[in-house]
Amino acid sequence: MIEAAILPPTLAWGIILAFSALWVALGWWLGRKNNSMDDYMLAGRNVGLGLAVATAMATWVTSNTTMTAPQLTYQLGIWGMVGYSLGAIGLLLFAPLAAEIRTLMPTGHTSGDFIRLRWGKLSWRIFLLISFFYGLGWLISLGMAGGILIEALSGIPYAYGMTVIVVICTAYTVFGGLRAVIGTDFIQTVLILLGVLLLAILVVNNIGFDEIHQTLSQERPELLNLLLPASIMFLFNNLFFGVGEIFHSNVWWSRAFAFAPGVGKRAYILAGIFWLPIPIVAGFIALAAPALNINVPSADMVAPLVASQMFGLFGAILVFIIVFAALASSLDSLLAAMSDLIVKDIYKGHIHKAATSSQMRSAAVWVILGLGVITWCLSLPRLSTLGELLYLTGAFVASTIWPIAIGIKLKKGTGPQAALAMATGTAIGLYSYFAIGFYVAALVSAGVSLIVMLPAFFMKDSFDPSELNENTPEKGELR
Amino acid sequence: MTTNPRNTLASLLIAFALSLVLLASANTAYAAEDLRISSNGSTAGYLTLDWSENSAPAPYTLQMNKGNGWRTIYQGKDTATTLTGLQNGDYQFRINSSDPATIEDDHWSDPISVTINHHSLVKALSFFAGGLIIFIILLWLLFFAGLSLNKRPPLKGSGH
């Protein structure tokens with residue numbers, strides 16, 4: 001039981017039920033237009049700019065933006081807040097790559113397709129494992145965030161809140177596929193933006209900056225220290241974590257394939273710019289916790305606790321809706337993207353190579369259900385705080401940055417080299433996570449991966465880009 | 001280069017499983033009877049303390065001693081607290097029930113001790129410089145190094 005919980009449990013259940021019904025109904029309504037596997041997995045490859053920006057942004061504004069950014073501000077101070085916002089760099093750097101990916105692979109489905117064709121099967125299998133572990137870690141963090149949010153605001157036990165969130169998101173992703181995910185993302189983005197804007201206005205009107213600064217100076221001086229060593233180490237770590245997440249994850253590749261020609265680059269740039277201030281606003285409120293004399297039992301609870309304490313019942317409802325929308329929009333995207341990767345790369349790539357479109361569609365439903373069950377099982381024990389769990393996956397994903405970037409931009413490098421870069425980057429990144437701290441895992445992983453890939457810059461060209469296009473593209477598909 | 005695919009894949013699987021186990025087990029660094037440190041960021045200036053609901057009746061009083069005497073830092077019904085922004089130094093903590101009906105001076109838990117020792121600034125700036133160099137190389141690769149696969153004529157007869 002959390003002493004500062006302010007939302008009556010019946011009201012919390014009412015909000016959960018209302019929004020759950022909305023998402024499931026929308027999922028069903030949007031999904032009824034799906035006629036083919038491309039419709040289900042890639043929304044017909046024809047998503048326009050407005051929806052594209054909304055889905056990229058809604059997916060990147062996760063419960064981690066709204067709950068882990070404040071956690072890091074609470075733990076690492078000013079640079080924790082700024083460092084988290086550097087996650088936007090990932091979206092901005094992926095923008096030009098998204099355009100190239102769509103042209104290079106007009107009939108591609110997943111990021112795994114690219115790795116297999118560019119670097120060969122060993123790299124592909126290592127990449128699939130990395131991608132699977134990352135996806136699982138992210139799914140668990142989202143399930144956990146749901147449970148933690150509901151517990152912090154209403155006192156409803158963690159396990160109940162987490163279960164409801166996972167079940168609802170799994171249900172509407174099964175109904176509608178990527179089209180439903182992107183459609184609900186648009187509405188969720190509007191909710192998130194309006195909510196964060198309102199929260200920023202409330203913060204400015206309700207908190208005295210002087211009081212916050214004075215309390216922090218006396219009680220938590222290191223949070224204001226711009227030379228706090230751990231937070232200096234964290235800055236580039238978070239940047240490479242964000243870049244690794246976006247460069248490798250099928251969440252972003254599936255959108256690059258789904259967006260209409262010419263849309264991807266502008267969509268990712270706009271989404272990155274819109275996303276940048278959100279962690280700052282969300283993170284800032286964590287600094288008010290000492291001034292408000294709020295007890296924070298776990299660092300990842302700080303945002304909902306402070307918001308409900310500062311703004312009362314209205315603030316609690318507002319935060320509840322923002323974070324619920326944010327985590328639902330990411331959980332569904334991740335379920336859909338992981339299911340694509342598993343169905344295309346593991347089911348069709350390894351198990352049933354002659355699978356028909358309808359068999360793959362059926363497999364996708366079962367995979368989403370299975371992922372929902374696994375997420376629930378691994379979220380239940382609440383292994384760690386959100387931030388610490390999330391940055392564990394940083395060791396995995398940052399190792400893929402160089403194989404992806406070099407793979408797209410150059411014709412150099414070898415398959416075994418890419419495989420070694422990912423394996424050693426991950427292994428040494430994980431070691432540094434436990435030996436030094438969660439705030440360096442992605443940075444070390446990216447550095448080691450670069451060292452292994454570095455000789456590629458000096459090799460002769462050895463790859464034919466036409467190998468990336470498995471099928472002859474249909475007329476009109478290329479820009 | 002000879003790399004056994006099965007060994008590599010198995011190593012990654014083991015690494016992931018092991019890291020989850022380590023993550024879960026990293027939560028019990030020190031313990032003194034009912035009070036324990038459940039998350040220890042002693043090189044970054046934060047830690048989470050928790051205590052058992054069964055150790056004493058709620059509400060609770062948590063005290064900290066940084067070498068200048070005991071000072072109450074929390075009173076209430078929660079069973080955990082997270083302290084952040086701590087400076088270098090030795091800290092002690094102890095817990096007791098603050099129920100006026102049952103509070104007794106000699107029922108304080110055994111104190112637990114933690115030393116906060118931030119990473120050195122040289123180490124931190126080295127990581128920062130390393131990150132900056134990697135970032136510059138990445139920007140160079142993405143925007144200046146190649147004309148991208150799309151814009152180059154394909155090679156004939158080449159493969160991986």
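By convention in this document, chain letters (A, B, ...) are assigned in the order of the sequence lines, proteins followed by strands, and residues within each chain are numbered from 1.
Comparing B:Ile73, B:Thr84, B:Leu121 by heavy-atom pairs within less than 4.5 Å of chain A, the highest count is held by B:Thr84. For the set B:Leu138, B:Leu86, B:Thr48, the count of heavy-atom pairs under 4.5 angstrom toward chain A peaks at B:Leu138. Ranked by heavy-atom pairs under 4.5 Å with chain B, the first of A:Val444, A:Leu216, A:Asn225, A:Val440 is A:Val440.
Contacts of A:Leu76 with chain B are made by side-chain atoms alone, with heavy-atom separations under 4.5 Å and no backbone atom involved. In this structure, the portion of A:Pro96 lying under 4.5 Å from any heavy atom of chain B is its side chain and not its backbone. If you measure heavy-atom distances from A:Phe247 to chain B, the contacts under 4.5 Å come from the side chain alone. With a 4.5 Å cut-off on non-hydrogen atoms, B:Ile133 does not touch chain A at all. For chain B, the nearby parts of A:Leu227 are the backbone and the side chain; heavy atoms of each come within less than 4.5 Å. Both the backbone and the side chain of A:Tyr74 come within contact range of chain B, judged by heavy atoms closer than 4.5 Å. When heavy atoms are compared at a cutoff of 4.5 Å, B:Ser126 does not approach chain A at all. Residue A:Leu128 does not touch chain B at all, counting heavy-atom pairs closer than 4.5 Å. Contact annotation for B:Leu132: both backbone and side-chain heavy atoms come within less than 4.5 Å of a heavy atom of chain A. Contact annotation for A:Ile436: both backbone and side-chain heavy atoms come within less than 4.5 Å of a heavy atom of chain B. Contact annotation for A:Leu235: only side-chain heavy atoms (C-beta onward) come within less than 4.5 Å of a heavy atom of chain B. A:Val243 touches chain B through its side chain: at least one heavy atom from C-beta onward sits under 4.5 Å away, while N, CA, C and O do not. Both the backbone and the side chain of A:Ile232 come within less than 4.5 Å of a heavy atom in chain B. Within the 4.5 angstrom heavy-atom criterion, only side-chain atoms of A:Tyr439, from C-beta onward, approach chain B. Within the 4.5 angstrom heavy-atom criterion, atoms from both the backbone and the side chain of B:Phe127 approach chain A.
Judged purely by atom type and a 3.5 angstrom limit, A:Ser123 uses its side chain to pair as donor or acceptor with the backbone of A:Gly415. The backbone N or O of B:Gln63 lies less than 3.5 Å from no partner atom in the side chain of B:Thr72, so there is not a single donor-acceptor pair. Between the side chain of A:Gln417 and the backbone N or O of A:Thr414, at least one donor-acceptor pair lies under 3.5 Å.
Under the 30°/60° scheme for interplanar angles, the aromatic rings of A:His350 and A:Trp124 are found to lie parallel. Ring pair A:Phe438/A:Tyr391 is tilted by interplanar angle, where 30° to 60° counts as tilted.
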* To do: Start with the C-alpha gap between B:Thr43 and B:Asn117, add the side-chain angles, then the distance that decides, and say whether side-chain contact (heavy atoms from CB on, under 4.5 Å) holds.
  => CA-CA 5 Å; B:Thr43 50; B:Asn117 185 18; 5.5 Å; no
* Asked: Passes salt bridge (Lys or Arg N to Asp or Glu O under 4.0 Å), A:Asp461 versus A:Lys412? Steps please.
  -> CA-CA 5 Å; A:Asp461 287 356; A:Lys412 303 164 189 289; 3.5 Å; yes
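Aromatic pair A:Phe396/A:Phe133: centroids less than 6.0 angstrom apart.
Under a 4.0 Å N-O distance rule, the pair A:Arg118/A:Glu467 does not qualify as a salt bridge. Ion pair B:Asp50/B:Arg36 flagged as a salt bridge, since at least one NZ, NE, NH1 or NH2 atom sits closer than 4.0 Å to an Asp/Glu carboxylate oxygen. Comment: B:Asp110 does not engage B:Arg94 in a salt bridge, judged by the lack of any side-chain N to carboxylate O separation of less than 4.0 angstrom.
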